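Below you'll find the structure, written out as C-alpha cells, and then a few comments.
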Amino acid sequence: MKQLTIVALVLVLFGCKSKNNENDIANQIHKEWYGNWVGDFDAEEYKQESDYVSRTKVNIRIISINKNGTVIGQSIVAGNKRALKGSFDEGSDKFILKEPGNNKYDGVFEFVIIGDSLVGSWVANNKNLDVVKRSFRLVQKQFVYNKMLMLPTNLDEGGSYVDYTKGVDTTFTENEDDSTYTYTERMYRVATDAVKTINASTKELKEADLKNLKKLDLEIIRNTIYARHGFTFGKKSVRQFFDFVEWYVPISDNVESQLTPLEVKNIALLKRFEKYAEDNYDTFGR
Amino acid sequence: MIRLTLQYVPFSSEVAFLRIKQTEVLMVRWYLPIFYVHVYSSIFVLLAGFTQFSTAILKTYKSLHRNAGKLYAIVVLLFAAPSGIFMGCYANGAWHSKVSFVGLGIIWWLFTGKAMLAIWRRQFIVHEKMMVRSFTLALSAITLRAWKVIIVYSFDTAPMDTYQIIAWLGWVPNLLIAEYYLHRKFK
C-alpha cells in the first residue's frame with residue numbers, strides 16, 4: 001500500500017511537471033531573442049576618486065519570455081553569474097530584470113531590443129559602490145567551444161600583451177655630461193609572443209615548451225583555455241586580456257567539468273610552472 | 001646558504017627547482033637520487049671549505065684543517081662533482097648551459113684531485129693553488145644565484161635566457177679572480 005502511494009505520488013508529480021513544462025513552452029514568446037547578448041559594460045556614473053573605472057564585458061542571457069510578461073535570464077559579468085527575473089512589457093517593449101539582491105554587486109537591468117541590438121542600462125542596488133550605473137549596447141552571440149581560438153595577434157600599440165594592472169614604480173638614474181638626474185617610471189609586465197602561438201587546448205605541452213616563458217605568459221596561455229570555454233573571469237588582471245576579444249563569450253562561472261583531458265593535463269603543468277616562476281624567478285636560487 | 005639545501009627537506013619530488021624538472025624526474029631513473037646527492041653533499045662542501053683558508057686554523061688546529069680537508073675532498077670527488085656532471089647533462093637552457101655545467105664539474109673534480117695528490121707529495125704550494133681554484137668553483141653555487149638576482153632585476157630577461165647567462169657567469173669570473181689572486185701571491 002505504502003509503495004503504491006509513492007508510485008501514485010511520483011506519477012502525480014511527474015504529471016504536473018510535464019504539464020507545467022508544456023504550458024511554459026506553449027506560452028513562450030519572442031524566442032528569437034533567447035540566448036546570449038554580449039558587449040561592453042561601460043561605467044556611466046562612478047565615484048571620481050576611484051582610480052580605475054573599468055569597462056568590462058557583460059552577457060545578458062535571456063532564457064525565457066512568457067506570454068504573461070515574466071522573463072527569466074542570467075547576467076554574467078566579471079566572474080559573477082547572477083539569476084535574472086523580471087518583466088517584459090509588450091506595449092513599450094521594455095525589459096526590467098532584477099538580480100537576486102543578496103550580492104553586494106547586484107542591481108537592476110532595464111533595456112529594449114532594437115533591431116539586432118539590446119540597449120539599456122544597469123543601476124546598482126548599493127549606492128556606495130565605485131560604479132553605480134552602467135550602460136550597454138549588446139549583440140546576440142552564440143557560444144560555441146572551439147579549441148582553435150587564440151588571442152588576436154594584431155595588436156595596435158607595440159604588439160605585445162601588457163599587464164597594466166600591476167605596475168611597479170622604478171627609479172632610474174642617468175648620467176649626462178657631468179649632471180646626474182633620476183626619474184621614476186612605472187614598469188609593467190610584458191608577455192612574449194608565445195601567448196599568440198602556444199595553444200594549450202590542442203597541443204600536449206612539454207616542460208621544454210614552457211621553460212623560457214615568463215609567469216605572465218603562462219597565466220595567459222592557461223586562461224585562454226578557460227576563455228574558450230566561456231569562463232567569466234573575476235580578476236581585472238585577466239579580464240584586461242579577454243574582455244575585448246571578439247570571440248570571447250562569458251557564459252559560466254565554472255567550466256571545470258567542460259575541460260578536455262588534454263586541457264586538464266596542460267593546466268596542471270602550467271600551474272606548476274607558474275608556481276615555480278612566482279617562487280623562483282627573481283629570488284636567490286635556481 | 002643552508003636554506004638552499006633546506007628547501008629540499010623533507011624529500012619531495014616536486015618542490016622548487018624540481019617543479020620544472022619533472023620530465024627528468026620521471027624519465028631519467030637516476031635523476032632524482034643524484035639530484036639529492038648533489039643538494040645534500042654541497043652543504044658539507046661549503047661548510048668544510050670555509051674553514052680551510054684561515055692561516056690561524058692551519059697553524060693552531062692542524063688536525064681540523066686535515067680532517068675538514070679530507071671531508072671536503074671526499075665529498076667533492078665522490079659525490080658533489082660527479083653528481084654535478086651527471087645533472088649538467090640534463091641542464092636547463094640547452095647546450096649553452098650543459099657545456100658550462102659539465103665543464104665546471106670536470107675541472108672542479110680535476111682541481112680537487114690534483115690538490116689531494118699534491119698534499120700527499122708534500123707539495124704545499126701546488127696544494128694551495130689547486131685548493132683555491134677548487135673552492136672558488138665550489139662558491140659558484142652562491143655566485144650563480146647572486147648573478148641571477150642581478151640579471152633579472154637589471155634586464156627582466158626570460159627565465160632560460162637568464163639561466164644560460166648565469167651558467168657561465170656563475171663560475172668563469174670566479175676562476176679569473178682566483179687566477180689573478182694566485183698570480184699576485186706567487187709571482
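Quick note: numbers below take in every heavy atom, side chains included, and nothing from hydrogens, waters or symmetry partners. First the proteins, then the strands, lettered A, B, ... as listed; each starts at 1. Because the structure is a prediction, the values reported are computed rather than measured.
In terms of heavy-atom pairs under 4.5 Å with chain A, the best-connected choice from B:V149, B:I20, B:V152, B:T23 is B:I20.
Enclosure of atom OH in A:Y183 by more than 12 non-hydrogen atoms of other residues, nucleotides or ligands within 6.0 angstrom is indicated. Annotation: A:F244, atom CZ; neighbour count of heavy atoms from other residues, nucleotides and ligands within 6.0 Å is above 12. Surrounding NZ of B:K114 are at most 12 heavy atoms belonging to other residues, nucleotides or ligands under 6.0 Å away. Atom CG of B:L176 has more than 12 neighbouring heavy atoms from other residues, nucleotides or ligands inside a 6.0 Å radius. Within 6.0 Å of atom OH in B:Y180, 12 or fewer heavy atoms from other residues, nucleotides or ligands are found, so the atom counts as exposed in its surroundings. Atom CZ of B:F53 has more than 12 neighbouring heavy atoms from other residues, nucleotides or ligands inside a 6.0 Å radius.
Using a 4.5 Å cut-off between heavy atoms, A:L269 makes no contact with chain B at all. Looking at A:K275, both its backbone and its side chain come within 4.5 Å of chain B, counting heavy atoms on both sides.
Atom-to-atom distance recorded for A:E207:CD and B:N92:CG is 8.5 Å, nearest 0.5 angstrom. Taking OH of A:Y276 as the reference point, atom CD of B:Q22 lies at 12.5 Å (rounded to 0.5 Å).
Between the side chain of A:R272 and the backbone N or O of B:R19, at least one donor-acceptor pair lies under 3.5 Å. Panel note: side chain A:N212, backbone B:D161; a donor-acceptor pair is recorded below 3.5 Å.
Counting heavy atoms from C-beta outward, A:K211 and B:P159 have side chains that stay 4.5 Å or more apart.
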